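Both ligands and their constituent atoms are indexed starting at 1 by order of listing. Since the model is a prediction, treat every value here as computed from it, not as a measurement.
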Amino acid sequence: MNIPREMAFTTLGRTGLRVSVAGLGCGGFSRLGQGQGASVAHSIGVVRAALDAGINFIDTAEQYGTEAIVGQALLPSERDQVVISTKTLVNEAGTLRTPQQVVASLHGSLKRLKTERVDVFHLHAVAPRHVGYAIEVLAPALLKERDAGRLGHLGITETAPRDPTHECLSAAIRSGLFDVVMVAFHLMHQNARDRVFPLTRAHGVGTLLMFAVRLIFSQPDRLQAVLTDLVRRCQLPEDLGRAETALDFLSAPGCGEPKDESRQGLTAGSPLDAELVTDAAYRYGRHEPGVDVVLFGTGSVAHLHTNIQSILAEPLPAAIQALAQQRFGRLVGVGLDSPVVVDVP
Ligand SMILES: NC(=O)c1ccc[n+]([C@@H]2O[C@H](COP(=O)([O-])OP(=O)(O)OC[C@H]3O[C@@H](n4cnc5c(N)ncnc54)[C@H](OP(=O)(O)O)[C@@H]3O)[C@@H](O)[C@H]2O)c1
C-alpha cells in the first residue's frame with residue numbers, strides 16, 4: 001500500500017476555512033463503496049482512512065445517501081477539525097423545491113451528520129434555467145439559516161452534463177451570495193479556465209473541483225470509446241484517436257508517476273498505463289490556478305491513498321500542460337455523461 005505524503009492545506013477563498021487540497025467526495029458512482037454494495041462499516045472505514053491521511057474536507061449530499069455514514073465516522077471530538085460540505089437538490093424529480101423544503105432538507109442533513117452546523121451548504125446540481133430561482137428565492141431562506149448558525153457558508157454546484165459552459169456558476173458567482181462553488185474541469189474539458197476561474201479568483205470564491213477523473217480517466221475502455229467518438233465527430237484529428245497517442249505525453253520524464261517501479265521509464269509507444277492516466281488527471285486538476293480542493297470519490301482505501309499521492313505530487317511539466325491545452329483545449333463537455341446513475345450527479 002502507498003504511504004500518503006504529508007497533506008497540503010489551502011484557504012478556501014473568502015470563507016477563510018483551512019482545507020486539505022484533497023477532498024473526499026462521498027457521491028459519484030462510488031458513494032464510499034455504497035454504489036458497489038459495500039457495507040456501512042466498510043464505507044466508514046474509507047472515511048476514517050481519509051481522516052488518518054490528513055484529509056479534512058468531506059463532501060456529501062442528501063441525495064447520495066452517505067451523510068449518515070459521515071456522521072457515524074466522525075467522532076464528536078473531531079468535528080471542529082473537519083470541514084463538512086453537503087447539499088440539497090433544487091429540482092427534485094422535475095419539481096422545484098420551495099424555500100421551506102430546502103431549509104427542511106438542511107435540518108435533515110444536520111441530523112444525519114450528527115452536527116449542529118455544516119460548514120458549507122450547497123444548492124445541488126443547479127440547471128442554468130433554475131439559477132435565477134436559486135438566487136432570488138432559495139438563497140435568502142438559507143442565508144437566514146446561516147445567520148442562525150446552522151450553516152457556515154452558502155455554496156452552489158453545477159450540473160456538469162447539462163451545463164458544460166458553466167452558465168449556472170457564472171450567474172451564481174456574480175450574485176455575490178455564494179462563497180463556494182463546485183465546478184467540472186479535466187484534461188478534456190478545460191473551459192472553466194476561461195469561464196469560471198477568473199470569476200472565482202476575482203470574487204474570492206472558494207473552488208471545489210469535480211470530474212478530475214470520473215470514469216473517463218479511471219476506465220481505459222471508456223477513454224478509448226470517448227476518443228473514438230471525438231474522431232468520428234471530427235473534434236479530434238484521426239492520429240489522436242487512440243489513447244496511447246492522444247496521451248503519449250505520459251511517457252515524458254516527470255510526467256507519469258507509476259506507483260509500481262517496474263513500470264517506470266515508459267517509452268513512447270508503450271501501452272497506456274491506466275494508473276498513469278489517473279495520476280496525470282488528478283495532477284492536472286490540482287495545479288490549475290484557481291482550484292482550491294480536488295474532490296475524488298472512491299470505495300477503495302488503496303485508491304484513496306494513490307489519489308492523495310497524485311494530488312500532492314508535482315505539477316505535470318509545463319510543456320506537457322501546454323500540449324494538453326493545445327490538443328484538448330477546444331473540447332467542451334467531454335466525458336461528463338452519467339449513463340450509470342442519472343439522478344445521483
Ligand atoms: N453536481 C455535483 O454536485 C457533483 C457531481 C459530481 C460529483 N460531485 C462530487 O465530487 C466528488 C467526485 O466525483 P467525480 O464526479 O469527480 O467522480 P469520482 O467519484 O471521483 O470518480 C472516480 C471514479 O474512479 C474510480 N477511482 C477513483 N480512484 C481511482 C484510482 N486511483 N484508480 C482507478 N479508479 C479510481 C472510483 O471508483 P472506485 O470506488 O473503484 O475507486 C470512481 O468511480 C463526488 O464524490 C461528489 O462529492 C458533485
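- The ring-ring contact (aromatic ring centres under 6.0 Å, His included) analysis of residues 157-183, with sequence neighbours excluded, yields the pairs His166-His189.
- Scored by the side chain to side chain contact (heavy atoms under 4.5 Å, CB included) test, Thr11 finds Arg18 as partners (sequence neighbours excluded).
- An N or O contact shorter than 3.5 Å is missing between Phe29 and ligand 1 by distance.
- Between the side chains of Thr15 and Asp179, no donor-acceptor pair of N or O atoms lies under 3.5 Å.
- Heavy-atom proximity to Gly28, at under 4.0 Å, picks out these atoms of ligand 1: 19 (O), 44 (C), 45 (O).
- Heavy-atom contacts of Thr298 reach the following atoms of ligand 1: 38 (P), 39 (O), 41 (O) (cutoff under 4.0 Å).
- Checking side-chain atoms of Gln34 against main-chain N and O of Arg31 turns up no donor-acceptor pair under 3.5 Å.
- Around atom 30 (C) of ligand 1, the closest heavy atom drawn from His305, His303, His124 belongs to His303.
- Residue Lys87 places a heavy atom under 4.0 Å from ligand 1.
- Of the N and O atoms on the side chains of Ser105 and Gln101, not one donor lies less than 3.5 Å from an acceptor on the other residue.
- Put simply, part of Asn307 is less than 4.0 Å from ligand 1, judged by heavy atoms.
- Side-chain atoms of Thr159 and Arg162 include a donor-acceptor pair closer than 3.5 Å.
- Checked by atom type and distance alone, the side chain of Ser43 pairs as donor or acceptor with a backbone atom of Leu32 at under 3.5 Å.
- Checked by distance only, ligand 1 and Met210 stay at 3.5 Å or farther apart across all their nitrogen or oxygen atoms.
- Judged by the shortest distance from any of its heavy atoms, Glu158 lies inside the 4.0 Å radius around the atoms of ligand 1.
- Counting only non-hydrogen atoms, the option in Gly285, Gly297, Ser218, Ser300 that gets closest to atom 27 (C) of ligand 1 is Gly297.
- Short contacts between ligand 1 and Leu295, defined as distances under 4.0 Å to a heavy atom of the residue, involve ligand atoms 10 (O), 11 (C).
- Contacts of His122 with ligand 1, taken as heavy-atom pairs under 4.0 Å, are absent altogether.
- For the residue pair Ser109 and Glu67, a side-chain donor N or O sits within less than 3.5 Å of a side-chain acceptor on the partner.
- Heavy atoms of Met182 found under 4.0 angstrom from ligand 1 belong exclusively to the side chain.
- Checking only distances, Gly299 does come within under 3.5 Å of ligand 1, N or O to N or O.
- Using cut-offs of 30° and 60° on the angle between ring planes, the pair His124 and Tyr64 is perpendicular.
- For the residue pair Ser170/Arg195, the side-chain donor-acceptor check at 3.5 Å is not satisfied.
- Proximity to Ser30 (heavy-atom distance under 4.0 Å) selects the following atoms of ligand 1: 36 (C), 37 (O), 38 (P), 39 (O), 42 (C), 43 (O).
- Under a 4.0 angstrom heavy-atom cut-off, Tyr64 registers as being in contact with ligand 1.
- Close contacts of ligand 1 with Asp59, meaning ligand atoms under 4.0 Å from a residue heavy atom, involve 9 (C), 46 (C), 47 (O).
- Checked against Thr66 for a side chain to side chain donor-acceptor pair (under 3.5 Å), the options Thr86, Asp59, Thr60 give a single hit: Thr60.
- Residue contact check: Cys26 has heavy atoms under 4.0 Å from atoms 45 (O), 47 (O) of ligand 1.
- Against a heavy-atom cut-off of under 4.0 Å, Phe296 is close to the following atoms of ligand 1: 20 (O).
- For ligand 1, the atoms closer than 4.0 angstrom to any heavy atom of Gly25 are 11 (C), 44 (C), 45 (O), 47 (O).
- Proximity of a side-chain donor or acceptor of Thr207 to a complementary backbone N or O of Val205 within less than 3.5 Å is detected.
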